[in-house]
Student: 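Have a look at the structure that comes next, please.
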Amino acid sequence: MKITIIGAGYVGLVQAVCLADFGFNVICIEKDTEKLRDLKFGKIPFYEPGLEDLFRKNLKSNRLNFTNEFSENISTSDVIFICVGTPPKKNGESNLSFVDQVSKDISKKIKGYTVVVSKSTVPVGTSKRIENSLKKNNSIKSFDVVSNPEFLREGAAINDFMRPDKIIIGCRTKKAEKILKKIYKKLKRPYVVTNNETAEIIKYANNSFLATKITFINEIADLCENIGAEVETVAKAIGLDGRIGAKFLHPGPGYGGSCFPKDVKSLIYQGNKNSTDLKIAKAVDRANDLRVKSLFQRVKKITKNKFNNIQICILGISFKPETDDVRESPGIKLARDIGKTKAKIKIYDPQGMKNAKKELSKSIEFCNDEYEALKNTNLLIIVTEWNQFKNLDLLKVKKLMKKPVILDLRNIYSKDIVKLGFQYHSIGNN
Ligand code: UDX
């Protein structure tokens, strides 16, 4: 079986490397020449723990090849995974121009029965759209379109690929279902086999529910701050209810990344387009959009709205640990808000600095490590919970800072550090 992956991004590259690791011959088509050159020379274009080793191992075994050659590969493929981007438009609608272009290109080149798999997160009805595009240039029905959404978390993508909770297969024929099950056979995980439309909405419902859980605990945290309660204890207690579950109840600066914000907005758009007012999704989206702004008010309160001649240290710019991705990152948003004051900002992130420099003003000091970022600062704001920030040498931190004040947006410390002479502020405690 020849498998072709179109797009070597966060989803496509993980899909290509892991399927090659299963023993399949995989061709990955990437049109970005710089990215393609790096891949051919064994370099992956983003940080993802464990991916580089698995990538190099399969590159060496020659089961994994990268190219920008489209026609020959498409016409000889048995299965094609579409893993191109579906970035959000301003109104929340998913931009399907890359999916449309790829579907059109595929339709001209497929020969013989081919399974075309939509792996990208796409709105309901996209499989139909791909089918119609393929039909335009194919009189005989020589293909099936399958919706097979992924649930990979950045920073845990390999684990999530190799140990998925479920495998979703949306298709219209047994033939296509059998081929997808053959590909994922080694995983031995539960399948949910359904029609394309149901598979497409499962992805949005899954992500939007997780975003709702996070936003709910963030809202409870705000209440806890005003009633003298402890949000971590509330989260632990409700998480012990088997119907709720403990995961995704960590309060923080709001969800970021390239998925949750985009997927919640897309779900709202799809609801509006299909005469369904998704009130909860709209409330989650609005609450999350406002969260960093409300945390900036906390910063103003702590500094008594005095920003002249003070330096503020931000630790953590990537949207979550174990990734270099700063898309929709609360750290970026907060740095921009503080950047509008006269305060000087110093930042450090273990992986996100290169991407942060593309997003933030040059007036910010990009430091080489957390202690350099802390030197002579009046306030430390912890935004991303990298493990190395959980084991700071607090006595050294206290000596380095001009004023030992910490705003811990991930509750990685506790008010015990007050005993070391720190002024400590956290989320969901007062
Ligand atoms: C998410 C989904 O988890 C994954 O299944 C899907 O395929 C892609 O989108 P990802 O965006 O990589 O994955 O990261 P995730 O770990 O889900 O975190 C998303 C955001 O929520 C991050 O900003 C994170 O900081 C935040 N978060 C997560 C919380 O604030 N609290 C939590 O308890 C969990």
Side-chain angles (χ1 to χ4, degrees), residues 9-12 14-15 18 46-49 51 83 85-86 88 119-122 148-161 163-168 199-200 202-222 231-232 234-236 238-239 244-267 284-285 287-289 291-292 295 315-334 349 351-352 382-387 389 408-412 426-428:
Y10 280 97
V11 174
V14 173
Q15 184 80 5
C18 292
F46 51 83
Y47 175 76
E48 178 60 48
L51 184 61
C83 301
T86 54
K119 193 84 198 165
S120 306
T121 303
V122 290
N148 172 225
E150 48 75 28
F151 298 88
L152 307 180
R153 287 167 297 164
E154 286 182 33
I158 303 290
N159 172 70
D160 291 349
F161 188 99
R163 281 170 287 283
D165 293 327
K166 74 266 185 186
I167 300 164
I168 309 295
E200 286 164 339
I202 285 170
K203 171 70 183 179
Y204 286 97
N206 206 103
N207 266 9
S208 299
F209 186 79
L210 291 171
T212 303
K213 247 187 130 174
I214 293 164
T215 309
F216 177 79
I217 201 64
N218 284 342
E219 195 162 77
I220 296 296
D222 290 347
V231 71
E232 299 297 345
V234 173
K236 184 175 169 215
I238 67 172
I244 296 175
K247 291 183 178 172
F248 281 63
L249 282 176
H250 303 293
Y255 57 79
S258 63
C259 298
F260 282 1
K262 159 177 82 73
D263 293 352
V264 173
K265 291 180 194 298
S266 178
L267 183 69
V284 165
D285 182 48
N288 194 66
D289 279 350
R291 186 141 183 90
V292 170
L295 291 170
L315 289 186
I317 288 288
S318 56
F319 81 94
K320 63 181 277 196
E322 298 309 322
T323 181
D324 59 358
D325 196 346
V326 298
R327 286 175 287 184
E328 295 298 313
S329 157
I332 292 277
K333 292 176 184 172
L334 195 57
D349 184 284
Q351 292 290 339
I382 300 171
V383 187
T384 309
E385 67 281 23
W386 283 94
N387 282 337
F389 298 156
D408 183 356
L409 298 182
R410 296 288 182 169
N411 292 352
I412 60 178
S426 62
I427 294 279

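Remember, it's 1-based here, ligands and their atoms both numbered in the order they're listed.
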Student: Suppose we measure from atom 9 (O) of ligand 1 to each protein heavy atom; which comes out shortest, and what is that distance?
Tutor: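 Of every protein heavy atom, C259 CB, 3.2 Å lies nearest to atom 9 (O) of ligand 1.
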
Student: When you measure from atom 22 (C) of ligand 1 to every protein heavy atom, which one gives the shortest distance, and what is it?
Tutor: F319 CD1, 3.6 Å

Student: Of all the heavy-atom pairs spanning V383 and G316, show the shortest one and how long it is.
Tutor: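 Of all heavy-atom pairs spanning V383 and G316, the closest is CB-O, 3.4 Å.
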
Student: Has R291 got any heavy atom lying under 4.0 angstrom from an atom of ligand 1?
Tutor: no

Student: Yes or no: does K203 have any heavy atom under 4.0 Å from an atom of ligand 1?
Tutor: yes

Student: Using only atom types and a distance under 3.5 Å, with no angle test, would you say the side chain of S329 pairs donor to acceptor with the backbone of G331?
Tutor: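 A pair under 3.5 Å: yes.
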
Student: Looking only at the side chains, is there a donor atom on one of N288 and T215 sitting less than 3.5 Å from an acceptor on the other?
Tutor: no

Student: Is there a donor-acceptor contact under 3.5 Å from the side chain of T86 to the main chain of T121?
Tutor: yes

Student: What protein heavy atom lies closest to atom 1 (C) of ligand 1? Include the residue and the distance to one decimal.
Tutor: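 Checking every protein heavy atom, the shortest distance to atom 1 (C) of ligand 1 gives F260 CE1, 3.4 Å.
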
Student: Return yes if some donor-acceptor pair links the side-chain N/O of N148 with the main-chain N/O of I168 below 3.5 Å, else return no.
Tutor: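 Checking the backbone N and O of I168 against the side chain of N148, a donor-acceptor pair under 3.5 Å is found.
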
Student: By number and element, which atoms of ligand 1 are closer than 4.0 Å to a non-hydrogen atom of G256?
Tutor: 20 (C), 22 (C), 23 (O)

Student: How about NZ on K236, more than 12 heavy atoms from neighbouring residues, nucleotides or ligands closer than 6.0 Å, or not?
Tutor: no

Student: Please confirm whether G252 comes under 4.0 Å of ligand 1, counting heavy atoms of the residue only.
Tutor: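 Judged by the 4.0 Å heavy-atom criterion, G252 does not count as contacting ligand 1.
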
Student: If we set the cut-off at 4.0 Å for heavy atoms, which region of I214 has an atom near ligand 1: side chain, backbone, both, or neither?
Tutor: side chain

Student: Determine whether the side chain, the backbone, both or neither of R410 has a heavy atom under 4.0 Å from any heavy atom of ligand 1.
Tutor: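 Side chain only.
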
Student: Which ligand 1 atoms, with their elements, are less than 4.0 angstrom from a heavy-atom of E150?
Tutor: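 Here the atoms of ligand 1 in question are 7 (O).
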
Student: What is the nearest protein non-hydrogen atom to atom 34 (C) of ligand 1, stated with its residue, atom name and distance?
Tutor: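 It is F248 CD2, 3.6 Å.
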
Student: Any idea which protein heavy atom is nearest atom 4 (C) of ligand 1, and the distance to it?
Tutor: L152 O, 3.4 Å

Student: Specify side chain, backbone, both or neither for L249, according to which of its non-hydrogen atoms lie closer than 4.0 Å to ligand 1.
Tutor: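 The answer is the backbone of L249.
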
Student: Which residue holds the protein heavy atom closest to atom 31 (N) of ligand 1, what is that atom called, and what is the gap in Å?
Tutor: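 Nearest neighbour among protein heavy atoms for atom 31 (N) of ligand 1, to 0.1 Å: H250 O, 2.9 Å.
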
Student: Using the side-chain contact (heavy atoms from CB on, under 4.5 Å) criterion, which residues pair with E385? Sequence neighbours excluded.
Tutor: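 If we apply the side-chain contact (heavy atoms from CB on, under 4.5 Å) test to E385, skipping adjacent residues, the hits are P321, K390, R410, I412.
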
Student: Could you pull out all residues at least two apart from Y10 that satisfy side-chain contact (heavy atoms from CB on, under 4.5 Å)?
Tutor: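 Per chain and number, Y10 pairs via side-chain contact (heavy atoms from CB on, under 4.5 Å) with F46, E154, T323, D324, D325, R327.
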
Student: For the side chain of K213 and the backbone of G245, is there at least one donor-acceptor N/O pair under 3.5 Å apart?
Tutor: yes

Student: Among all protein heavy atoms, pick the one closest to atom 14 (O) of ligand 1 and tell me residue, atom and distance.
Tutor: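 Closest protein heavy atom to atom 14 (O) of ligand 1: K320 NZ, 3.3 Å.
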
Student: May I ask you to decide if Y204's main-chain N or O and S208's side chain share a donor-acceptor pair within less than 3.5 Å?
Tutor: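 Judged by distance alone, yes, a pair lies under 3.5 Å.
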
Student: Just to confirm my output: which protein heavy-atom neighbour is closest to atom 5 (O) of ligand 1, and how far is it?
Tutor: F151 O, 3.1 Å

